[in-house]
**Student:** 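This is the structure, below, for whatever I ask next.
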Amino acid sequence: MQEKLSEVQQRISKLEALRQMGINPFPNDFAVKNTAKEITDRCGALDKEALEAKNETAILAGRIMAFRDFGKASFLHIQDRTGRIQVYIRKDLIGADAYKIFRTFDIGDIVGVEGKVFRTKTKELTIEAKIIRLLTKSLMPLPEKWHGLTSVETRYRQRYLDLIANPEVRDIFIKRTRIIQLIREFLNKMDFIEVETPMMQSIPGGAAARPFKTHHNALDIDLFLRIAPELYLKRLVIGGFERVYEINRNFRNEGISTQHNPEFTMLEFYQAYATFDDLMVLTEEMIGFIAKELLGTVVIEYQGEKIDLTPPWQRISVKDAVLKYTDADGEIFTDKKMAMAFAKKLGLNIPEAFSHGKVILEIFEHVAEPKFTQPTFVTHYPLEVSPLSRKNEKDPAIVDRFELLVCGREIANAFSELNDPIDQNERFIQQLKEKEAGDTEAHAMDEDFVRALEYGMPPTAGEGIGIDRLVMLLTNSASIRDVILFPQLRPEKS
RNA sequence: GAGCCGCUAGCUCAGAUGGCAGAGCAACGCCCUUUUAAGGCGUGGGCCCCGGGUUCGAAUCCCGGGCGGCUCACCA
């Protein structure tokens, strides 16, 4: 019979052969004592003779990543959560029977190893195995050792393979975790408390975006996945949590790109008795702290650009930025018709229904936003596009708000919070008008939030930082999919 | 949603002009007790993304579809 065996079938045969010999290919009784890194740290400084004299031993486990077979001896590299280490297997040391079993092991199998630490001729720190045991049989062949896994689609769909094969990918996700830890460390030290607020909301508020809709059967009500936690966090400030933050997912039913994933992670924090000016300083300190702890420097490189995070960062108002990068007449900020005409001149296609502020914002985003490569706080956004922000004391057409731009991208958005319930109610009403005029992203009315404000919210400043984009920046990642473990893709089978 | 590019062995990739489906790694067999992209000799392995069409003949040309990437639009 010349039945063709696939590699998987070959491996299943090996597994069955082991079972025939009374060996469990999936045991769970191997007590791991060491890691690759711990062994390297412990023995890395010792030379061949010193190692010989000290008789250092190790018990560790990991996945077989490479195999070099010499007949009666073999070298392999195994990989655990801390890295790779070489293992040397000798027939005369583990015994002929054990060696025969060992020869059935494949790349990808997970093994436990016990032995002495030594150095080879080429000085590589190596475990000379006294015992090697199969802990998990792998039936699927791993990606190739040299090129690794490069198929972008497979990397995203089978992220575990990406993590096994590509150490730099692993690094990025370890850095992501570390960044979030550092944020918590920074904020906790400042007496912020971390909270969790609803992901399912009956009024999706706190941002201008299209939500995902779902339904609760028992209550028989439609709910929306949240687009922002903002209004709930402010309710907590009203409740007396004067410094509060949440790191969690937001969901927006919009396009997918290198900058956008339908679910993304946001840090939002609120500090009572602070202003948006205070938050600029806090932001400089926090991101500087993260960069220093994570990378050891505040001068980072992103996609070929040197980014200097040394404070203070440039501050410029929307108005000044537009005037700086265009020959616009100052009148466009007071006259909507002038603004529309100027936008048209720039080649922007702007619906008549857009508010004056939205026209200004469109102009700003078109002409100025891409210019800000170095970290820049763009301040004083138009009132109409900021329905939750406090008005500027001197100019009621603008609000005390900033966005942090790095490499032309928005990393953070912050403002002194509007805490006047009557003003807030009017702003919501204005948003409803814009919704009627055709703006699908206009903010919804939230009467319960207005009621909360009526009890009195202390003067507060709040900020949101897009964690995925921050991680992209700090890990030099070009696409948001490279910092999200399982980015949204279309299902594989149609 | 639009434009451009890609999809061939488990992985990484070749396969001008239409003419027997290829390499390296991985796998399998043999040799080899300090290698590290080990080496040597040999062997097996394919829904060429899917469906139509043109043709004596299609991985290759044409049409439709799927999935992915990039750019743009929307957005954070």
Side-chain angles (χ1 to χ4, degrees), chain A residues 2-11 13-14 48 64-77 84-94 99 103-104 106-108 118-124 126 128 138-158 161 164-166 206-210 227-228 250-268 348-349 361-362 365 369 403-405 409-413 440-441 464-470 472 478-482 487 489-494:
Chain A
Q2 274 295 73
E3 194 191 6
K4 285 172 194 165
L5 287 181
S6 74
E7 188 166 348
V8 174
Q9 286 169 319
Q10 284 171 6
R11 288 184 178 212
S13 307
K14 288 176 176 179
K48 202 177 170 86
I64 298 175
M65 298 303 293
F67 231 108
R68 288 177 294 280
D69 178 15
F70 284 82
K72 295 189 184 64
S74 295
F75 287 92
L76 44 150
H77 271 101
R84 288 186 186 190
I85 194 160
Q86 183 167 257
V87 175
Y88 183 43
I89 311 288
R90 289 172 48 168
K91 189 177 180 179
D92 59 1
L93 206 68
I94 67 167
Y99 198 78
R103 292 279 289 246
T104 71
D106 290 296
I107 289 175
F118 80 111
R119 271 186 201 284
T120 62
K121 267 183 192 165
T122 54
K123 302 266 200 302
E124 180 164 347
T126 303
E128 187 178 54
S138 165
L139 300 179
M140 296 286 280
L142 284 184
E144 185 228 338
K145 60 185 169 185
W146 188 239
H147 300 91
L149 179 68
T150 60
S151 158
V152 179
E153 186 170 353
T154 309
R155 287 186 44 227
Y156 296 154
R157 288 197 197 278
Q158 294 178 271
L161 289 181
I164 291 167
N166 299 319
R210 284 152 64 195
I227 56 174
N250 288 348
F251 306 85
R252 298 191 184 173
N253 203 343
E254 286 158 359
I256 295 176
S257 77
T258 52
Q259 314 290 316
H260 303 85
N261 194 62
E263 53 180 311
F264 62 102
T265 302
M266 187 90 145
L267 160 69
E268 278 204 20
L348 295 172
N349 184 21
L361 189 63
E362 289 286 330
E365 284 175 354
E369 205 165 76
E403 287 195 1
L404 170 63
L405 299 182
R409 294 175 187 171
E410 185 189 334
I411 300 288
N413 178 23
T440 55
E441 285 165 4
I465 297 183
I467 296 300
D468 312 281
R469 289 185 179 177
L470 181 64
M472 285 169 71
S479 169
I480 199 166
R481 296 183 205 98
D482 293 326
L489 300 179
R490 277 204 164 79
E492 206 163 352
K493 279 194 169 177
S494 53

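Proteins come first, then strands; the chains are lettered A, B, ... in the order of their sequence lines, and each starts at number 1.
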**Student:** Could you check which of B:rG69, B:rU35, B:rA76 has an atom nearest any side-chain atom of A:Thr126?
**Tutor:** B:rU35

**Student:** Using the C1' atom as the point on both nucleotides, what is the distance between B:rU55 and B:rC61, in whole Å?
**Tutor:** 10 Å

**Student:** What contact category does A:Arg481 fall into here, base, sugar-phosphate, or nothing, at under 4.0 angstrom with non-hydrogen atoms?
**Tutor:** sugar-phosphate

**Student:** Rounded to the Å, how far apart are A:Phe264 CZ and B:rA76 P?
**Tutor:** 8 Å

**Student:** Does a salt bridge link A:Glu128 with A:Arg90, judged by any charged N lying under 4.0 Å from a carboxylate O?
**Tutor:** yes

**Student:** In the structure shown, which nucleotide is the Watson-Crick or G-U wobble counterpart of B:rU71, with both distances under 3.5 Å?
**Tutor:** B:rA2

**Student:** Work out how far the P atom of B:rG19 is from that of B:rA26, and round it to whole angstrom.
**Tutor:** 32 Å

**Student:** Taking a pair as Watson-Crick or G-U wobble with both distances under 3.5 Å, which nucleotide is matched to B:rG51?
**Tutor:** B:rC63

**Student:** Over how many whole Å does the gap from A:Asn349 atom CG to B:rC74 atom C1' extend?
**Tutor:** 13 Å

**Student:** From the set B:rC13, B:rA27, B:rU33, return the single nucleotide nearest to any side-chain atom of A:Gln10.
**Tutor:** B:rA27

**Student:** On a heavy-atom basis, which atom in A:Met266 and which in A:Ile467 lie closest, and how many Å separate them?
**Tutor:** C-CG1, 4.1 Å

**Student:** Suppose you measure atom P in B:rG15 against the same atom in B:rC20; what distance do you get, rounded to whole Å?
**Tutor:** 16 Å

**Student:** Could you give the CD-to-C1' distance, from A:Glu153 to B:rC70, as a whole number of Å?
**Tutor:** 15 Å

**Student:** Testing A:Leu149, A:Ile107, A:Ile64 for side chain to side chain contact (heavy atoms under 4.5 Å, CB included) with A:Leu142, which one passes?
**Tutor:** A:Ile107

**Student:** Among B:rU33, B:rG24, B:rA76, which nucleotide has an atom closest to any side-chain atom of A:Glu144?
**Tutor:** B:rG24

**Student:** Is the shortest side-chain N to carboxylate O distance from A:Asp106 to A:Lys14 below 4.0 Å?
**Tutor:** yes

**Student:** Reckon A:Ala208 touches a base, only the sugar-phosphate, or nothing at all at heavy-atom distances under 4.0 Å?
**Tutor:** sugar-phosphate

**Student:** So what does A:Asp69 touch, heavy atoms closer than 4.0 Å: a base, only the sugar-phosphate, or nothing?
**Tutor:** base

**Student:** Under the criterion of centre distance below 5.5 Å and interplanar angle below 30°, is A:Phe70 classified as stacked on the base of B:rU33?
**Tutor:** no

**Student:** When all nucleic acid strands are considered with a 4.0 Å heavy-atom cut-off, which category describes A:Gly148: base, sugar-phosphate, or nothing?
**Tutor:** sugar-phosphate

**Student:** Between B:rC32, B:rA27, B:rU35, which nucleotide gets closest to the side-chain atoms of A:Lys72?
**Tutor:** B:rC32

**Student:** Checking all strands, does A:Asn250 fall into the base, sugar-phosphate, or nothing category for heavy-atom contacts under 4.0 angstrom?
**Tutor:** nothing

**Student:** Classify A:Leu489 by what it touches in the nucleic acid, base, sugar-phosphate, or nothing, heavy-atom distance under 4.0 Å.
**Tutor:** sugar-phosphate

**Student:** Could you tell me the separation between the CG atom of A:Leu489 and the CD1 atom of A:Ile256, rounded to the nearest 0.5 Å?
**Tutor:** 8.0 Å

**Student:** Could you check which of B:rA37, B:rC32, B:rA76 has an atom nearest any side-chain atom of A:Trp146?
**Tutor:** B:rA37

**Student:** Near A:Arg157 CZ, under 6.0 Å, is it more than 12 heavy atoms from other residues, nucleotides or ligands?
**Tutor:** yes

**Student:** Measure from CD1 on A:Ile89 to P on B:rU35 and round the result to the nearest Å.
**Tutor:** 16 Å

**Student:** Provide the distance between the two C1' atoms, one in B:rG45 and one in B:rG29, to the nearest whole Å.
**Tutor:** 15 Å

**Student:** What does B:rU35 pair with, Watson-Crick or G-U, if both distances are under 3.5 Å?
**Tutor:** none

**Student:** Where the side chain of A:Lys14 is concerned, which of B:rU35, B:rC67, B:rA27 is the nearest nucleotide?
**Tutor:** B:rA27

**Student:** If the cut-off is 4.0 Å, is A:Arg11 near the phosphate of B:rG10, judged by side-chain N/O to OP1 or OP2?
**Tutor:** no

**Student:** Could you tell me how far apart A:Ile256 (CD1) and B:rC70 (C1') are, to the nearest whole angstrom?
**Tutor:** 15 Å

**Student:** Classify the ring geometry between A:Tyr88 and A:Phe118 as parallel (under 30°), tilted (30 to 60°) or perpendicular (over 60°).
**Tutor:** tilted

**Student:** Can you measure A:Glu128 atom CD to B:rU35 atom P for me and round it to whole angstrom units?
**Tutor:** 15 Å

**Student:** Counting the atoms with a prime plus P, OP1 and OP2 as sugar-phosphate, which does A:Arg157 contact under 4.0 Å by heavy atoms, base, sugar-phosphate, or nothing?
**Tutor:** sugar-phosphate

**Student:** By nearest atom, which of the nucleotides B:rA76, B:rA26, B:rU12 is closest to the A:Leu149 side chain?
**Tutor:** B:rU12

**Student:** For A:Glu7 and B:rG46, what is the distance between atoms CD and P respectively, to the nearest whole Å?
**Tutor:** 13 Å

**Student:** Could you give the distance separating B:rC72 and B:rA58 at their P atoms, to the nearest angstrom?
**Tutor:** 41 Å

**Student:** Using a heavy-atom cut-off of under 4.0 Å over every strand shown, decide if A:Thr258 touches base, sugar-phosphate, or nothing.
**Tutor:** sugar-phosphate

**Student:** Identify the two heavy atoms, one from A:Thr258 and one from A:Ala478, that lie closest to each other, and give their separation to 0.1 Å.
**Tutor:** CB-O, 4.0 Å

**Student:** Between B:rA14 and B:rG57, how many Å separate the two C1' atoms, rounded to a whole number?
**Tutor:** 23 Å

**Student:** Under a 90° cut-off about 0 for the syn range, is B:rA26 syn or anti?
**Tutor:** anti

**Student:** Just checking A:Glu124: base, sugar-phosphate only, or nothing, at a heavy-atom cut-off of under 4.0 Å?
**Tutor:** base

**Student:** In Å and rounded to the nearest 0.5 Å, what is the CG to CZ distance from A:Leu76 to A:Phe67?
**Tutor:** 5.5 Å

**Student:** Between B:rC70, B:rU34, B:rC11, which nucleotide has the shortest distance from any of its atoms to the side chain of A:Phe118?
**Tutor:** B:rU34

**Student:** Closest approach to the side chain of A:Tyr88, judged atom by atom: which nucleotide of B:rA26, B:rU34, B:rC74 is it?
**Tutor:** B:rU34

**Student:** Can you check the distance between B:rA21 and B:rA59, where both ends of the measurement are the C1' atom (answer in whole Å)?
**Tutor:** 8 Å

**Student:** From C-beta outward on A:Arg490, which listed nucleotide comes closest to its side chain: B:rU35, B:rG1, B:rC70?
**Tutor:** B:rG1

**Student:** Need one value for A:Asn253: base, sugar-phosphate or nothing, where a base atom within 4.0 Å counts as base even if backbone is also close, heavy atoms only.
**Tutor:** nothing

**Student:** So A:Phe251, base contact, sugar-phosphate only, or nothing? Heavy-atom distance under 4.0 Å.
**Tutor:** nothing

**Student:** Within the 4.0 Å heavy-atom criterion, would you say A:Phe67 contacts the bases, only the backbone, or no part of the nucleic acid?
**Tutor:** nothing

**Student:** Is there a donor and acceptor pair closer than 3.5 Å between the side chain of A:Thr120 and the base of B:rU35?
**Tutor:** yes

**Student:** Step by step, would you call A:Leu139 with A:Glu7 a side-chain contact (heavy atoms from CB on, under 4.5 Å)?
**Tutor:** CA-CA 8 Å; A:Leu139 300 179; A:Glu7 188 166 348; over 6 Å; no

**Student:** To the nearest Å, how far apart are A:Arg90 CZ and B:rU33 P?
**Tutor:** 11 Å

**Student:** Write down the partner of B:rG42 under the Watson-Crick or G-U wobble criteria, each distance required to be under 3.5 Å.
**Tutor:** B:rC28

**Student:** Any base atoms under 4.0 Å from A:Ser151, or only sugar-phosphate, or nothing? Heavy atoms, all strands.
**Tutor:** sugar-phosphate

**Student:** Verify the contact: side-chain N or O of A:Arg155 to OP1 or OP2 of B:rC11, cut-off strictly under 4.0 Å; return yes or no.
**Tutor:** no

**Student:** Please tell me which of A:His147 and A:Leu76 maps to the more 5' nucleotide of RNA chain B, matching each residue to the nucleotide holding its nearest heavy atom.
**Tutor:** A:His147

**Student:** Any side-chain N or O of A:Arg469 below 4.0 angstrom from OP1/OP2 of B:rA76?
**Tutor:** no

**Student:** Counting Watson-Crick and G-U wobble pairs only, both distances under 3.5 Å, name the nucleotide matched with B:rA9, or none.
**Tutor:** none

